[in-house]
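Written out below as structure tokens is the structure these notes cover.
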Number of protein chains: 2
Amino acid sequence: MDRLDRKILRLLQEDSTLAVADLAKKVGLSTTPCWRRIQKMEEDGVIRKRVALLDPAKINTKVTVFVSIRTNSHSTEWLKRFSEVIVEFPEVVEFYRMSGEVDYLLRVVVPDIAAYDAFYKRMIARIEIRDVSSAFAMEQIKYTTEMPLDYMMVDNQKSGEE
Amino acid sequence: MDRLDRKILRLLQEDSTLAVADLAKKVGLSTTPCWRRIQKMEEDGVIRKRVALLDPAKINTKVTVFVSIRTNSHSTEWLKRFSEVIVEFPEVVEFYRMSGEVDYLLRVVVPDIAAYDAFYKRMIARIEIRDVSSAFAMEQIKYTTEMPLDYMMVDNQKSGEE
DNA sequence: AAACAAAAGAAATTTAATTCCCTCATATAG
DNA sequence: CTATATGAGGGAATTAAATTTCTTTTGTTT
């Protein structure tokens with residue numbers, strides 16, 4: 001993994017429809033070696049998948065709610081079931097086990113407050129939860145699937161330029 | 001936008017490398033009309049973009065930190081500058097203006113605690129912030145870019161939007 | 001400097017995207 | 001009712017891109 005791979009990843013994180021030939025040109029390679037690098041990174045799992053991103057407003061899911069969940073030390077059994085139940089909801093797009101005050105944090109997307117309430121009722125109907133608190137996002141100022149590539153380990157340390 | 005469009009979106013949200021011909025077969029169409037539906041949804045902005053998703057572990061960004069920021073009513077100027085500064089950090093992958101106790105919420109991705117500390121120092125060096133608190137994710141139980149399609153309007157949406 | 005390995009590139013081939021043209025169903029005006 | 005526009009679907013040709021094959025370059029080791 002060198003600086004060319006990193007350049008390729010940067011571009012594919014922005015737009016994966018880019019033709020290999022065009023990508024190669026931007027990176028300063030010809031299509032074959034560029035294609036091979038992409039293949040390798042897919043085999044190695046560096047590139048996990050390629051997906052289409054939708055406009056939340058256009059599909060009626062413009063409201064994001066962060067749901068903080070506190071549990072006073074439940075059993076392992078409860079934890080397992082809790083995860084299974086939560087993961088199934090398509091409205092839950094992110095789900096973390098946290099350190100500190102909050103034990104679990106969910107990001108939930110819905111059309112509006114009413115839909116959130118409906119979701120909430122469905123959730124607590126499926127599993128008993130001690131303490132839940134919801135915080136609504138008023139505005140999504142940034143959302144990206146692009147990960148920083150600055151921390152990638154590079155064998156050939158030709159780091160620095162672009 | 002009908003149920004066929006929704007089927008197409010569901011599949012493309014999972015895997016956008018799917019060939020139009022295969023997609024068409026799964027949906028129950030031939031390639032031409034299927035292709036045209038995809039084109040239309042891209043023109044309409046329903047499909048925002050197509051991207052490659054990377055494996056966080058493989059690019060050394062497996063730690064997620066949620067950063068809660070409280071500000072005792074700052075000026076509009078400060079707000080503007082704050083947003084501009086924060087958005088520029090590639091480590092900040094999500095950034096919300098919130099209702100309630102917390103005013104802003106960031107999701108930050110870094111390799112480890114030390115790198116978070118370095119990020120934190122760089123951030124506060126660039127802008128004065130009243131109250132910051134950081135919560136570390138111990139585990140990412142779910143992360144998806146697939147939005148729920150259940151809330152999409154089903155009928156012929158002729159009503160002028162946009 | 002010879003020999004090898006690893007990466008790059010040109011050109012041919014295969015596969016998929018895109019266009020063109022036709023059919024069918026529905027709806028609407030004359 | 002009939003004629004005619006309209007919109008969606010489909011087959012087949014065309015164009016563009018992905019993939020493979022083969023050759024060349026580059027860098028390293030002995």
Side-chain angles (χ1 to χ4, degrees), chain A residues 1-55 58-59 145 149 152-162, chain B residues 1-55 58-59 145 149 152-162:
Chain A
M1 295 261 269
D2 59 5
R3 97 204 151 69
L4 291 180
D5 287 319
R6 200 155 54 182
K7 256 187 176 174
I8 292 169
L9 289 178
R10 182 175 312 116
L11 291 162
L12 287 181
Q13 278 199 112
E14 276 177 27
D15 179 9
S16 66
T17 65
L18 204 59
V20 179
D22 297 342
L23 185 55
K25 193 166 294 173
K26 283 175 192 272
V27 163
L29 271 177
S30 67
T31 80
T32 309
C34 184
W35 180 84
R36 278 195 285 242
R37 279 163 179 269
I38 297 166
Q39 289 303 309
K40 178 144 195 326
M41 291 193 286
E42 278 173 348
E43 279 163 26
D44 294 351
V46 177
I47 297 172
R48 207 158 53 78
K49 62 198 304 202
R50 290 151 183 263
V51 301
L53 299 183
L54 311 187
D55 182 337
K58 298 273 167 58
I59 57 168
T145 56
L149 299 176
M152 262 176 75
M153 294 310 176
V154 179
D155 304 3
N156 316 5
Q157 282 287 29
K158 308 191 172 182
S159 59
E161 49 71 78
E162 184 79 3
Chain B
M1 296 261 268
D2 58 7
R3 124 205 127 65
L4 290 181
D5 288 318
R6 198 156 54 181
K7 255 187 177 175
I8 292 169
L9 290 178
R10 187 164 51 73
L11 290 163
L12 287 180
Q13 280 200 111
E14 278 177 27
D15 179 9
S16 66
T17 65
L18 205 60
V20 179
D22 297 341
L23 186 54
K25 193 165 295 173
K26 283 174 191 273
V27 164
L29 271 177
S30 67
T31 82
T32 308
C34 184
W35 181 84
R36 277 195 287 242
R37 279 164 180 267
I38 296 166
Q39 289 302 309
K40 180 147 194 324
M41 291 193 287
E42 276 172 350
E43 279 164 25
D44 294 351
V46 177
I47 296 173
R48 206 158 54 78
K49 62 197 306 203
R50 290 152 183 261
V51 302
L53 300 182
L54 310 187
D55 181 336
K58 298 274 167 57
I59 57 168
T145 56
L149 299 175
M152 265 176 74
M153 298 309 176
V154 183
D155 284 59
N156 301 4
Q157 290 275 93
K158 291 297 183 185
S159 39
E161 56 163 76
E162 195 77 353

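Hydrogens, waters and symmetry mates play no part in the numbers below; they use all other heavy atoms, side chains included. The sequence lines fix the lettering, A, B, ..., with proteins before strands; numbering per chain opens at 1.
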**OP:** With the side chain counted from C-beta on, respond yes when A:Ile8 and A:Leu23 share a heavy-atom pair under 4.5 Å apart, and no when they do not.
**Re:** yes
Subject >> Option among B:Arg48, B:Arg50, B:Lys49, B:Arg37 that satisfies the side-chain hydrogen bond (donor to acceptor under 3.5 Å, both in side chains) test with B:Glu42 >> reply: B:Arg50
**OP:** List the protein contact pattern of nucleotides 13-26 of chain D with one symbol per nucleotide (5' to 3'): B for base contact, S for sugar-phosphate-only contact, - for none; contact means a heavy-atom distance under 4.0 Å.
**Re:** -----SSBB-----
Original post:
Could you state the CG-P distance from B:Leu23 to D:dG9, rounded to the nearest angstrom?
Top reply: 13 Å
Subject >> Interatomic distance, B:Leu29 CG vs C:dC24 P [rounded to whole Å] >> reply: 18 Å
**OP:** Take B:Asp44 and A:Lys58 through the side chain to side chain contact (heavy atoms under 4.5 Å, CB included) test and state the conclusion after the steps.
**Re:** CA-CA 9 Å; B:Asp44 294 351; A:Lys58 298 273 167 58; 5.7 Å; no
Subject >> Gap between atoms CG and P, on B:Asp5 and D:dA8 respectively (whole Å) >> reply: 10 Å
Original post:
side-chain hydrogen bond (donor to acceptor under 3.5 Å, both in side chains): which pairs involve residues 24-33 of chain A, sequence neighbours left out?
Top reply: none
Original post:
Is any side-chain heavy atom of A:Met1 less than 4.5 Å from a side-chain heavy atom of A:Arg6?
Top reply: no
**OP:** Please state whether the phosphate of C:dA7, meaning OP1 or OP2, lies under 4.0 angstrom from any side-chain nitrogen or oxygen of A:Arg37.
**Re:** no
Original post:
B:Arg36 versus B:Lys40: any side-chain heavy-atom pair under 4.5 Å?
Top reply: no
Original post:
Atom CE of B:Met41 to atom C1' of D:dA8: distance rounded to whole Å?
Top reply: 15 Å
Original post:
C:dA7 P sits how many Å from A:Met1 CE, rounded?
Top reply: 14 Å
